[in-house]
Every structure is written in structure tokens, then in C-alpha cells.
Amino acid sequence: MYNAKAYSAASSTSSLAPTTIARRDPTEHDIQIEILFCGICHSDLHQVRNEWSGLMPTVYPIVPGHEIVGRVTKVGSAVTRYKPGDLAAVGCMVDSDGACPECRAGLEQFCPNMTLTFNSPDKHLGGVTYGGNSDSIVVDERFVLRVPSNLDLAGTAPLLCAGITTYSPMRRWGVTKGKKVGVVGLGGLGHMGVKFAHAFGAHVVVFTTSPGKKEDALRLGADEVVVSRNADEMQKHAGSFDFILDAVAADHDINAYINLLRRDGNITLVGAPAMPLAVAAFGLLFGRRTLSGSLIGGIPETQKMLDFCGAHNITADVEVIPIQKVNEAYERLLKSDVKYRFSIDMASLKSE
Ligand code: NAP
Ligand code: ZN
């Protein structure tokens, strides 16, 4: 065991503050990574503030962060795919049983014994796992991803959650050339959704509550932008979408989007608002439309997504901040004031 520097919150109403945590020494299949950048996902905020208390109550102190890019510092004796000095990335998961049908299908996110990067029971040290708001992390080789060498590292970190969470449902629902695709909410997830839908050749429409994000949306790859508070603008698109990705972090009227789908169109929720959304049955009945959810993506698909990003030079648009600004960044997330992902430069933790 060794000590690592980190930022943690002591309760749902506490700010994140400097602390020291225990990390395990790498066992034979483990990789120790010096963390260089860690993105801030709205899920970090939901969990630090215990907003998902019904499904996954937060255990305090919590060290958030699951969009991790770094450099390998040590490898266990049985590790074959990485060596010290290599770039490496870790997303939302650090372990799973490896034996169940979900794991065998490469869908580790649905394994009943999956371990999340933070706030999950830690089978090595007891207590819960601690995330990427830290100077280092130790992870089983099976959950470490390869980083394409051409990508900017600060902008690569968010691919590990915002990237895979938007890439995966778009692949599953056949987002390709000739399809009309909507992205609701231009935040961290939404802006990656726009980039992927554009790269896959779809006609992309962004729905935003922030009129000030219109030009950015077009620059990111949108063909059209709709300010969703404008009912007339919404009505123009009624019954026309093949697929809509809903990446909104707060309560909102999902029926307004269901009504924009064509026959057999699908809307997939990736946003995870704390409170249930009200769904009007008729919107789904008429047009045989479907509403689905999607959770991050499995490890093989995450690697595919990273390789796709390497080949197409895709990274997140980031505002790089020192860890000392993490609490301010959370407040800005709540105001939809992020362009379009915060990425923490973890070198800033050295001065704590
Ligand atoms: P984010 O950066 O805060 O973006 C959310 C966006 O939603 C905002 O930028 C805003 O876009 C829109 N929005 C916010 N409040 C709204 C409101 N009251 N009404 C309508 N729109 C609103 O968050 P994120 O990191 O992208 O995460 C989005 C959600 O996905 C969170 O709930 C997060 O927990 C969840 N998530 C799920 C998964 C998964 O596996 N399914 C993975 C990661 C995150 P505009 O300004 O354009 O309106
Ligand atoms: Zn996330």
C-alpha cells in the first residue's frame, strides 16, 4: 500500500478538498498510472452531492473522476500489454467478474459484479474505490485502454466517459449517412454526440436551451440548431427524426422530443436526471416509437471508439483547469456554463 494525493468530499454538502488516500501496490495483473488529466463529468457532481441516493448511495469521503488519461509508472509481473512510460487511459470501470454472459459479450458495464472507478466496493483494500481526482491509480490491465499517440491528452480524457457514452448508442441505433439525428443538451456528452454523429455522416440537429451556444454547435458539426424553448422552431421538425440522443442532466419535457421522431424512430436517454421523467404513452404509441437507455460502453467498444478518434482526430473541446478550481467548475456545470468539458491538469495537485 502507498499514499496518493487526492481531492475528496466529506459529505453531500462539502466542497472537494485536498486529502491523502491509500492505493494498493500493483498486484501481478495491475498497472499503476500517474494521472495527467481527468475530465469532470456531470455524474461526478450527481454523486458527490448524493443525487442518486436511491440507486447508488454515495459513501463518504468520495474521490470522483472517471475520465482518466495518464502514463504507466509500474506494471505487475503478469502484465503483457503495457510497460512503464506508455500512455494509458481508464474510464468508468476498473473491474468485473470476467466470466458472466455480459463480460463474455464485452459488455462489462452490465456485469452484476462490475466495479466502478469510484464509490464501488473495493475488493482489494475494503471500503470503496477512489477515482481520478488523484495523482495516481492502480487498475487491472483488462480495464486499461490504449491512447492513440496523435491526440491531445487533455481533450482525450473526456472520451473515456462522454465519448463512449455517446459513441455506443449511435453505433447501436445505426447512425450513418442519410439519417436525421438530434442531440439534446450541448454539454460534455452532447458535444461529443454532435462530433460523432457528424463523423458518421448523419444530418445533425442540436437542441439547446442556450441560444449563445448556436455558433459553437455549428462549428462542432451540427447542420441545424434549435433553441428548444421555442415551440414553433420545435414544431418544424415534428415526425422527422430517425434517432435522438438525450444528454440532459436535469428535469425536462422528453415528450417534446418523442414527438419529433418519425415512425419507428428511437430516442435514447444517456442523461441521468435525479428525478423520474414523465412519459406520455401516446407519443410512443403513435408511430411505434421507442425510448431506450444506454450506459457508457464495454471495454472492447471503448477501445474501438478511441481508435476511431485517433483515426479521425476527434477529441473533446476542453477548458483545462487546475484541481484547485474543481468546486467552481461544479457550480458552472449547474449553470450549463462549460465549453464543453472541464479537464483537470493533475500536475496542479503536486503543489498541495
Ligand atoms: P453537462 O456537461 O452538465 O451537460 C448537460 C447539458 O444539459 C447542459 O449543458 C445543457 O445544455 C442541458 N441542460 C442542463 N439543464 C437543463 C434543463 N434544466 N433543461 C434542459 N436542458 C438542460 O453534463 P454531462 O456531463 O454532459 O452529463 C449529462 C448527463 O448524462 C448527466 O445526467 C450525467 O450524469 C449523465 N451521464 C450518463 C452516462 C451514461 O452512461 N448514461 C454517462 C455519463 C454521464 P444546453 O445548454 O445546450 O441546453
Ligand atoms: Zn461520466
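When a ligand or atom number is given, it counts from 1 through the structure's own listing order.
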Distance from atom 4 (O) of ligand 1 to nearest protein heavy atom, with residue and atom: Gly187 CA, 3.3 Å

Shortest protein contact, atom 30 (O) of ligand 1 (heavy atom only): Gly271 CA, 3.3 Å

N, O or S of His66 under 2.8 Å from the Zn ion (ligand 2): yes

Asp30 bridged to Arg24 by N-O distance under 4.0 Å: yes

Side-chain donor-acceptor contact under 3.5 Å, Asn266 with Thr268: yes

Subset of ligand 1 atoms that lie under 4.0 Å from at least one heavy atom of Lys213: 9 (O), 11 (O), 45 (P), 46 (O), 47 (O)

Salt-bridge present (Asp86, Arg81; N to O < 4.0 Å): no

From the candidates Ser336, Ala250, Cys161, the one that places a heavy atom nearest atom 14 (C) of ligand 1: Ser336

Heteroatom proximity flag, Ala272 to ligand 1, N/O under 3.5 Å: yes

Under 3.5 Å: N/O of Gly190 near N/O of ligand 1: no

Pair Glu34 + Lys350, salt bridge at N-O below 4.0 Å: yes

Leu295: numbered ligand 1 atoms lying under 4.0 Å from its heavy atoms: 40 (O)

Atom 46 (O) of ligand 1: the protein heavy-atom neighbour that sits closest, reported with distance to 0.1 Å: Ser210 OG, 2.5 Å

Region of His42 that comes within reach of ligand 1 [heavy atoms, distance under 4.0 Å]: both

Heavy-atom gap Cys41 to ligand 1 smaller than 4.0 Å: yes

Phe308 and Phe196 aromatic ring geometry - parallel, tilted or perpendicular at 30°/60° bounds: tilted

Nearest-option assignment for atom 21 (N) of ligand 1, heavy atoms, candidates Asp44, Thr268, Val248, Leu186: Val248

Leu333: numbered ligand 1 atoms lying under 4.0 Å from its heavy atoms: 2 (O), 3 (O)

Carboxylate-amine/guanidinium proximity below 4.0 Å for Asp216 and Lys213: no

N or O contact, Val270 vs ligand 1, cut-off under 3.5 Å: yes

Region of Phe342 that comes within reach of ligand 1 [heavy atoms, distance under 4.0 Å]: neither

Under 3.5 Å: N/O of Ile296 near N/O of ligand 1: yes

Within-cut-off N or O pair, Tyr340 and ligand 1, under 3.5 Å: no

Heavy atom of the protein closest to atom 33 (C) of ligand 1 (residue, atom name, distance): Ser43 OG, 3.5 Å

Test log, rule side chain to side chain contact (heavy atoms under 4.5 Å, CB included), inputs Val181 and Val205: CA-CA 6 Å; Val181 170; Val205 183; over 6 Å; no

SG (Cys41) - the Zn ion (ligand 2) - SG (Cys161) angle, nearest 10°: 130°

Partner of Glu67 by side-chain contact (heavy atoms from CB on, under 4.5 Å), out of Pro158, Ser43, Ser343: Pro158

Shortest heavy-atom approach to atom 28 (C) of ligand 1 - which of Ala247, Cys92, Ser294, Pro158: Ala247

Lys/Arg N to Asp/Glu carboxylate O, Lys5 vs Asp135, below 4.0 Å: no

Over 12 foreign heavy atoms within 6.0 Å of CZ, Arg172: no

Close approach, Arg341 and ligand 1, non-hydrogen under 4.0 angstrom: yes

More than 12 heavy atoms from other groups under 6.0 Å of NZ on Lys304: no

Thr58 versus Arg49, side-chain donor and acceptor atoms under 3.5 Å: no

Residue among Lys179, Arg262, His203, Lys180 satisfying side-chain contact (heavy atoms from CB on, under 4.5 Å) with Phe241: Lys180

Sidechain N-carboxylate O distance under 4.0 Å for Glu319, Arg332: yes

Centroid separation Tyr7 to Tyr130 less than 6.0 Å: no

Heavy atom of the protein closest to atom 12 (C) of ligand 1 (residue, atom name, distance): Gly185 CA, 4.0 Å

Element-labelled atoms of ligand 1 that are located less than 4.0 Å from some non-hydrogen atom of Trp52: 34 (O)

Under 3.5 Å: N/O of Thr208 near N/O of ligand 1: yes

Nearest-contact summary for atom 26 (O) of ligand 1 - protein heavy atom, Å: Leu189 N, 2.8 Å

Closest protein heavy atom (residue, atom, distance) for atom 2 (O) of ligand 1: Gly188 N, 2.9 Å

Matching residue for Lys195 among Thr315, Asp317, Thr166 - test: side chain to side chain donor-acceptor pair (under 3.5 Å): Asp317

Over 12 non-hydrogen atoms of neighbours within 6.0 angstrom of CZ in Phe286: no

Contact check: Phe207 vs ligand 1, nitrogen or oxygen atoms, below 3.5 angstrom: no

Closest approach of any protein heavy atom to atom 48 (O) of ligand 1, naming residue and atom: Thr209 OG1, 2.5 Å

Within reach of ligand 1, part of Thr165 (heavy-atom separation under 4.0 Å): side chain

N/O/S from His42 sitting under 2.8 Å away from the Zn ion (ligand 2): no

